[in-house]
Amino acid sequence: MTETAPLGNATRAPLLEQRTPPRRTPPPRPRTFAGVLRGLLRAGRPKQWVKNVLVVAAPAAAGRLFDPHALPRLALVFALFTACAAAVYLINDARDVEADRAHPAKRHRPIAAGQVPVPVAYAVGGALAVLTPAVAAQMASPQVAVLLAAYVGMQLAYCVSLKHVLVVDLAVVTTGFLMRAAAGGLALDIPLSRWFLITTGFGALFMVSAKRYSEAVQMAGNAGATRALLTEYTTGYLRFVWQLAAGVAVLGYCLWALEDHHGPHGGLLPWRQLSVVAFILAILRYAVFADRGTAGEPEEVVLRDRALALIALTWLAMYGLAVARW
């Protein structure tokens with residue numbers, strides 16, 4: 001009686017192929033109206049909307065945040081800025097769709113993944129870019145409408161060419177933050193203090209350059225993994241920029257806090273001057289992450305670190321007491 005030799009890999013493979021049908025890539029799901037709407041919402045980057053909270057900065061600094069008509073007007077400006085930013089994201093992603101499809105992470109974006117057709121992205125983005133300033137002119141103020149139109153134009157220019165220009169790219173992103181902060185003041189006809197503009201502008205530059213520095217550190221030895229312009233910057237230069245910006249932001253805030261606004265502080269404690277301590281501690285704590293090369297999106301840095309979040313809340317409380325003159 002002869003033994004049957006066990007099946008080897010060469011014999012087993014054809015048998016498995018006969019029993020198991022080959023796997024096929026499932027066809028893409030047909031687009032539905034609801035699916036396209038969800039894709040458009042995702043393409044508008046909801047996580048980035050928190051940046052638009054900056055519209056309350058100027059009214060809060062002027063003590064006008066709780067005026068009878070302030071909150072509805074600021075909510076409108078917040079929504080308008082969100083729509084403008086969504087317009088830019090849609091047009092940018094439609095324009096970069098082929099490059100995004102070749103990127104390991106960006107290929108999951110709704111337009112690159114095919115959830116939102118490219119013509120639809122262009123159409124909705126263009127409509128938002130045109131209609132939002134028009135709505136602002138009717139419901140907010142002509143100044144806000146001009147600001148929003150300038151924001152859209154600047155951001156689209158950034159998407160097309162300015163993001164490839166050294167230093168200008170930092171200035172454009174920083175100016176976007178400054179425009180958000182200025183919009184709330186323009187909506188309520190609040191004069192914008194020079195110290196407010198200096199502190200906000202250089203504070204934004206600090207966070208933007210810290211993020212670029214972190215990206216440059218993380219891509220060291222892995223060229224091509226992120227935006228190409230980072231290969232033109234040196235980490236030493238970006239470190240210089242965020243250190244310079246942090247110093248100017250602190251100086252501007254100190255000059256505002258120590259300025260004699262209305263004679264004696266008028267409250268139980270000199271909250272305006274005391275808030276300098278919390279502000280500097282917040283800058284120093286944020287700089288820890290910048291120095292490590294882990295300062296990503298500003299909102300993520302603040303929410304991830306409890307100590308920084310606590311310092312920020314303390315500063316907000318002191319700032320509020322200073323404005324309220326308690």
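Quick caveat: nothing in here was measured; it's all calculated off a predicted structure.
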(message) Would you say the ring centers of Tyr151 and Phe81 fall short of 6.0 Å from each other?
(response) yes
(request) Could you tell me which non-hydrogen atom of Val301 sits nearest to which non-hydrogen atom of Thr294, and how far apart they are? (result) CG2-O, 4.5 Å
(request) Would you list the pairs meeting ring pair (Phe, Tyr, Trp, His ring centres under 6.0 Å) in which at least one residue belongs to residues 289-311, sequence neighbours left out? (result) none
(message) Tell me every residue that passes side-chain hydrogen bond (donor to acceptor under 3.5 Å, both in side chains) with Thr82, counting only those two or more places apart in sequence or in another chain.
(response) Asn52
(message) For Gly293, is there any backbone N or O sitting under 3.5 Å from a side-chain donor or acceptor partner on Gln218?
(response) yes
(message) Restricting to salt bridge (Lys or Arg N to Asp or Glu O under 4.0 Å), what partner residues turn up for Arg42, sequence neighbours left out?
(response) none
(request) Please list all pairs passing the side chain to side chain donor-acceptor pair (under 3.5 Å) test where one or both residues lie in residues 310-320, with sequence neighbours left out. (result) Tyr253-Trp315
(message) For a quick test of reading the model, state the closest non-hydrogen atom pair linking Arg107 to Arg101 and the distance between them.
(response) CB-O, 3.7 Å
(message) Taking salt bridge (Lys or Arg N to Asp or Glu O under 4.0 Å) as the definition, give me every residue that meets it alongside Arg239, ordered by chain and number, with sequence neighbours left out.
(response) Asp291
(request) May I ask you to decide whether Arg292 forms a salt bridge with Asp305, counting only side-chain N to carboxylate O separations under 4.0 Å? (result) no
(request) Considering non-hydrogen atoms only, spot the tightest contact between Ile311 and Ala278 and give its length. (result) CG2-O, 3.4 Å
(request) Scan for salt bridge (Lys or Arg N to Asp or Glu O under 4.0 Å) pairs involving residues 66-93, sequence neighbours excluded, and state none if there are none. (result) Arg45-Asp93, Arg64-Asp67, Asp93-Arg109
(message) With clusters defined by side-chain heavy atoms of hydrophobic residues (ILVMFWY) lying less than 4.5 Å apart, directly or transitively, does Val323 cluster with Leu197?
(response) no
(request) Identify the two heavy atoms, one from Ala43 and one from Pro110, that lie closest to each other, and give their separation to 0.1 Å. (result) N-CG, 3.8 Å
